[in-house]
Amino acid sequence: PLLDQTQRLLADFPALLAEVRNLVNRLEQTTRLDLAEPLYAERLLEAAQDLVSGLSVETVASAGYSIANIVYLVVVILLTSVYAVLQPAPLVRGFVSLFPAGRRQQVREMLNKMYWNVQRWVLGQFADKMIVGLLIGLGLWVVGIPFALLLGILTGLLGLIPYIGIVVSLVPP
């Protein structure tokens with residue numbers, strides 16, 4: 001069913017997008033608001049000229065350096081996190097060695113308890129989000145929304161993203 005719903009969603013996507021456009025148009029007519037100001041070619045050309053005239057080699061180099069620095073930091077943080085999760089023993093040994101010899105066993109036991117609790121918390125979060133996704137999918141199916149299973153799974157997966165995941169998952173249904 002999931003593969004079937006995914007294929008149907010991809011096939012129906014242009015029609016769904018047209019429905020959203022019609023809804024926005026009706027909303028604009030009802031409220032007499034301009035929700036999407038049209039972009040004219042002259043305005044785009046003026047904006048591009050303003051952008052280019054304000055650029056210098058120093059500005060471009062500074063922006064390039066900033067972007068490269070951000071990419072570098074993201075890669076380092078990602079690789080370090082993956083390594084720490086896959087190979088925690090060296091980090092634990094190094095951390096434990098910071099404590100006096102008489103307390104090291106107690107520190108190891110405390111770290112093991114923390115690891116166990118965090119592991120159970122992550123499993124609990126995953127189970128919670130999968131149950132939420134299942135219930136959302138079931139609710140959408142009962143109401144008659146197309147692609148209910150796919151939208152339920154999407155809701156469960158996006159729910160793993162703190163704060164914004166659930167809000168983003170409300171848009172497709």
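This chain uses plain numbering: 1 for the first residue, then up along the sequence. What you see is a predicted model, and the numbers here were worked out from it, not measured in a lab. FYI, side chains are in, hydrogens and waters are out, and symmetry mates aren't considered; it's all heavy atoms of this structure.
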*Specify the closest pair of heavy atoms between Gly159 and Ile166, including all atoms of both residues, with the distance to one decimal.*
CA-CD1, 3.7 Å
_Quick check on the hydrophobic clustering: are Leu154 and Ile161 connected, directly or via other members, by side-chain heavy-atom contacts under 4.5 Å?_
yes
*Rounded to the nearest 0.5 Å, what separation is found between the CG atom of Leu138 and the CD1 atom of Ile131?*
13.0 Å
_Contact check, side chains of Ile153 and Met130, non-hydrogen atoms, under 4.5 Å_ = no
*Side-chain touch Asp12/Phe147, heavy atoms, less than 4.5 angstrom*: yes
*Under a 4.5 Å cut-off applied to non-hydrogen side-chain atoms, are Tyr83 and Pro90 in contact?*
yes
*asked:* Would you say CZ of Arg21 has more than 12 non-hydrogen atoms from neighbouring residues, nucleotides or ligands within 6.0 angstrom?
replied: no
*Is there a path from Val96 to Leu98 through hydrophobic residues (I, L, V, M, F, W, Y) whose side chains come within less than 4.5 Å of each other?*
yes
*asked:* Please check if the number of heavy atoms outside Ile164 that lie under 6.0 Å from its CD1 is greater than 12.
replied: no
*Do the non-hydrogen side-chain atoms of Arg120 and Leu123 ever get within less than 4.5 Å of each other?*
yes
*If Ile, Leu, Val, Met, Phe, Trp and Tyr residues are connected whenever their side-chain heavy atoms lie under 4.5 Å apart, and connections chain through other members, are Trp116 and Val118 in the same group?*
no
*What are the two closest heavy atoms between Pro146 and Leu151, and how far apart are they?*
O-CD1, 3.7 Å
*For Thr80 and Val76, which heavy atoms make the closest approach, and how far apart are they?*
OG1-O, 2.7 Å
_Criterion side chain to side chain contact (heavy atoms under 4.5 Å, CB included) against Arg108, the qualifying member of Gln106, Gln105, Met110_ = Gln105
*asked:* Contact between Phe126 and Leu160 at the side-chain level, heavy atoms closer than 4.5 Å - yes or no?
replied: yes
*So do the side chains of Gln125 and Val122 get within less than 4.5 Å of each other, counting heavy atoms only?*
no
*Should Ile145 and Leu150 be regarded as members of a common hydrophobic cluster, given that ILVMFWY residues are connected when their side-chain heavy atoms come within less than 4.5 Å of each other, either directly or indirectly?*
yes
*Starting at CG of Leu140, measure out to CG of Leu149 and round the result to the nearest 0.5 Å.*
10.5 Å
*Exam field: side chain Asn117 to backbone Lys113, donor-acceptor pair closer than 3.5 Å*: yes
*More than 12 heavy atoms from other groups under 6.0 Å of CZ on Arg104*: yes
_Same cluster or not: Val132 versus Leu135, using hydrophobic residues (I, L, V, M, F, W, Y) connected whenever any side-chain heavy atoms lie under 4.5 Å apart?_
no
